[in-house]
Amino acid sequence: MKRFFTLLVIASAGMFCACGDKNGNENPGGDDSSVKTVKASGVTEISDASQVTYVKAVIPDPDDDGSDPQVIAVAPYADQGFTLELPESYPTGYLYSVDVYEADGVTITNPDARMGSVYLEGHTSGSQTWSESEYKGDFDYVNADYTYGAYYYYFDSDVTITGSGTDEDGWTYNYNISAKKGWNLIYYYDDETDETFGETTVKPSAVILAWEFEDWR
C-alpha cells in the first residue's frame, strides 16, 4: 500500500505545495479559494533549468501510460520563481475514486467522492499542449531528506479520510485528510527508517519545505 500512495503522485515527480516558509514560498492555506494560487520563489535548481521558461500544471492520462497528459494551467518561470493559477474545475474523465485509500482501520465518509492529481513541470514553451521535446524536468516541494512533501489534489466533493493501521509489509500508515470540494493541499510523510507513511491536510509542525527543480527522467 505504501508504494501505491507514494508512486501514485510521484510517478512523474511533479506534485507540489505552496505553504509559507522561511524561503518565501507562499500560500495562505484554508478553504478552496486560497489554494488555487501557487506562488514560489527561491527555487533550488538541482538540474540545469536554464532552458525552462514556463511552468505547466499537468494532469496524468487516465490510462496511466503517458500517452495523453493534459495541460490545465501555464505560468512563466523567471528569477527562480513563478505564480500559477489552477483552474476552477478538473476534467471529469481524469478523476479516480477515493477508494484507493481503502484499508483496515481507515474510514472514508464519502466513498463516492473522486479525486485527481496534478504535476508541475518545467517546459520551454507556454503552449497549452504537452510536448516531450519541450519538457525539461519537474518542480517539487519537499524537506531536506525527502521524508516530507506536499501535493495538490482536486476533489469533486467533500470527504474525510481518517485512520491508521499496518500494511502487509509491516509499514504503519496514518491518514488525517479533511478535503473540501476543489483544490486541497495534501502533506505526505514517507520514512523508510521507521517504516511509517501517511497523508494529512494539516501542515506538520516544525517541517520546512522548499522548492526544487530537477530532471527525474
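What you see is a predicted model; the values in this text were computed from it and never measured. Reckoned from all heavy atoms, side chains included, excluding hydrogens, waters and symmetry mates.
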Problem set entry | CG on N143 to OH on Y189, rounded to 0.5 Å | 9.5 Å

Exercise. Linking I/L/V/M/F/W/Y whenever their side-chain heavy atoms sit closer than 4.5 Å, directly or via other members, would V202 and Y148 fall into one cluster?
Worked result: no

For this session: Calculate, to the nearest 0.5 Å, the distance between atoms CG and OG1 belonging to N174 and T196 respectively.
Result: 7.0 Å

Seminar exercise, completed: Distance col, row I59:CD1 vs S117:OG, nearest 0.5 angstrom, shows 8.0 Å

Exercise. Is any side-chain heavy atom of H123 less than 4.5 Å from a side-chain heavy atom of V52?
Worked result: no

For this session: Could you verify whether a donor N or O on one side chain and an acceptor N or O on the other, from Y54 and E121, lie under 3.5 Å apart?
Result: no

Problem set entry | Nearest-0.5 Å distance that lies between atom CD in E134 and atom OG in S127 | 4.5 Å

For this session: Report yes or no: do Y187 and E199 form a side-chain donor-acceptor pair below 3.5 Å?
Result: no

Problem set entry | side-chain contact (heavy atoms from CB on, under 4.5 Å) between Y146 and D190, intermediate numbers included | CA-CA 8 Å; Y146 298 96; D190 187 352; over 6 Å; no

Exercise. Can a donor-acceptor pair be found between the side chains of D138 and Y135 at a distance below 3.5 Å?
Worked result: yes

Problem set entry | Side chain proximity check, P60 to Y119, heavy atoms < 4.5 angstrom | yes

For this session: Could you go through the side-chain contact (heavy atoms from CB on, under 4.5 Å) check for Q128 and V74 one step at a time?
Result: CA-CA 7 Å; Q128 288 288 338; V74 180; 3.7 Å; yes

Exercise. How about F197 and D191: do any of their side-chain heavy atoms sit closer than 4.5 Å?
Worked result: no

Exercise. Does any non-hydrogen side-chain atom of K56 lie less than 4.5 Å from one of S125?
Worked result: yes

Exercise. Less than 4.5 Å apart, any side-chain heavy atom of K181 and any of F155?
Worked result: no

Problem set entry | Sequence neighbours excluded, every pair satisfying side-chain hydrogen bond (donor to acceptor under 3.5 Å, both in side chains) that has a member inside residues 74-86 | T37-E85, E45-Y77

Exercise. Measuring from W171:CH2 to D194:CG, what's the distance to the nearest 0.5 Å?
Worked result: 7.5 Å

Exercise. Less than 4.0 Å between a side-chain N and a carboxylate O, is that true for D156 and R114?
Worked result: yes

Exercise. Side chains of D158 and N110: closer than 4.5 Å at any heavy-atom pair?
Worked result: no

For this session: Verify whether one side chain among D99 and Y101 offers a donor that lies under 3.5 Å from an acceptor in the other.
Result: no

Seminar exercise, completed: Tightest non-hydrogen contact, residues P111 and S97, listed as O-OG, 4.0 Å

Exercise. Is there side-chain contact between L95 and Y154, with heavy atoms separated by less than 4.5 Å?
Worked result: yes

Problem set entry | Pair T162-N176, side-chain donor/acceptor within less than 3.5 Å | no

Problem set entry | Heavy-atom side-chain contact between V38 and Y152 under 4.5 Å | yes

Exercise. Can you name the nearest heavy-atom pair linking Y173 to A103, along with the distance?
Worked result: OH-CB, 3.6 Å

For this session: Starting from the C-alpha separation in whole Å, work towards a yes-or-no answer on side-chain contact (heavy atoms from CB on, under 4.5 Å) for T160 and I177.
Result: CA-CA 6 Å; T160 298; I177 298 171; over 6 Å; no

For this session: With rounding to the nearest 0.5 Å, note down the distance linking CD1 in I72 to CD in E88.
Result: 11.5 Å

For this session: Mind telling me whether F139 and F213 have parallel, tilted or perpendicular rings, with 30° and 60° as the class edges?
Result: tilted

For this session: Taking atom types as modelled, find out whether T124 and Q51 have a side-chain donor-acceptor pair closer than 3.5 angstrom.
Result: no

For this session: Let me see the working for L120 and V118 under side-chain contact (heavy atoms from CB on, under 4.5 Å), right down to the final yes or no.
Result: CA-CA 7 Å; L120 267 189; V118 64; 6.0 Å; no

Exercise. If Ile, Leu, Val, Met, Phe, Trp and Tyr residues are connected whenever their side-chain heavy atoms lie under 4.5 Å apart, and connections chain through other members, are I161 and V100 in the same group?
Worked result: yes

Exercise. Taking atom types as modelled and ignoring hydrogens, do the side chains of N184 and Y151 form a donor-acceptor contact shorter than 3.5 angstrom?
Worked result: no

Problem set entry | Close aromatic pair by centroid cut-off 6.0 Å: F82 and W211 | yes

